[in-house]
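Here is the structure we will look at, set down as structure tokens.
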Amino acid sequence: MLFPLLILGQSNFDKGEKLFKAGKYDLAKPVFESFLKENPLHLKTIEYLGEFAPKLG
């Protein structure tokens with residue numbers, strides 16, 4: 001019950017990062033893409049998105 005409350009309080013970047021670190025790349029990618037639309041210069045997001053090609057390949 002506490003887990004959904006924690007997710008609601010997180011930014012899309014934090015959600016994407018958790019999914020990425022859990023190996024859920026197909027779920028993390030659209031979260032990062034959405035975050036990047038709102039924050040086009042966020043370098044860490046761009047870095048994560050660059051790592052998807054070899055992982056989703």
Side-chain angles (χ1 to χ4, degrees):
M1 184 81 162
L2 184 59
F3 182 69
L5 294 176
L6 293 175
I7 290 177
L8 291 175
Q10 296 176 336
S11 73
N12 274 346
F13 176 81
D14 293 333
K15 289 178 197 176
E17 189 171 45
K18 277 190 177 226
L19 290 166
F20 186 90
K21 288 181 178 180
K24 298 178 180 179
Y25 309 118
D26 55 330
L27 297 175
K29 186 177 180 184
V31 174
F32 281 131
E33 289 171 337
S34 174
F35 183 80
L36 192 62
K37 285 181 184 176
E38 297 171 14
N39 305 278
L41 300 177
H42 194 266
L43 296 178
K44 191 65 177 173
T45 302
I46 294 168
E47 183 180 319
Y48 272 119
L49 286 170
E51 293 186 33
F52 282 108
K55 294 185 183 327
L56 295 175

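- Both Leu36 and Phe32 are assigned to one and the same hydrophobic cluster, defined by single-linkage of ILVMFWY side chains at heavy-atom distances under 4.5 Å.
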For residues 38-54, dump all side-chain donor-acceptor pairs below 3.5 Å to protein atoms at least two apart in sequence or in another chain.
| unit_1 | atom_1 | unit_2 | atom_2 | d |
| --- | --- | --- | --- | --- |
| Asn39 | ND2 | Phe35 | O | 3.1 |
| His42 | ND1 | Thr45 | N | 3.2 |
| His42 | ND1 | Thr45 | OG1 | 2.6 |
| Lys44 | NZ | Glu47 | OE2 | 3.3 |
| Tyr48 | OH | Glu17 | OE2 | 2.8 |

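- For Lys24, there are no side chain to side chain donor-acceptor pair (under 3.5 Å) partners two or more places apart in sequence or in a different chain.
- Heavy-atom minimum distance, Ala28 versus Gly16: CB-O, 3.5 Å.
- For the pair Ser34/Val31, no side-chain contact is recorded, criterion being any heavy-atom separation below 4.5 Å from C-beta on.
- Not counting sequence neighbours, Lys37 has no partner by the side-chain contact (heavy atoms from CB on, under 4.5 Å) test.
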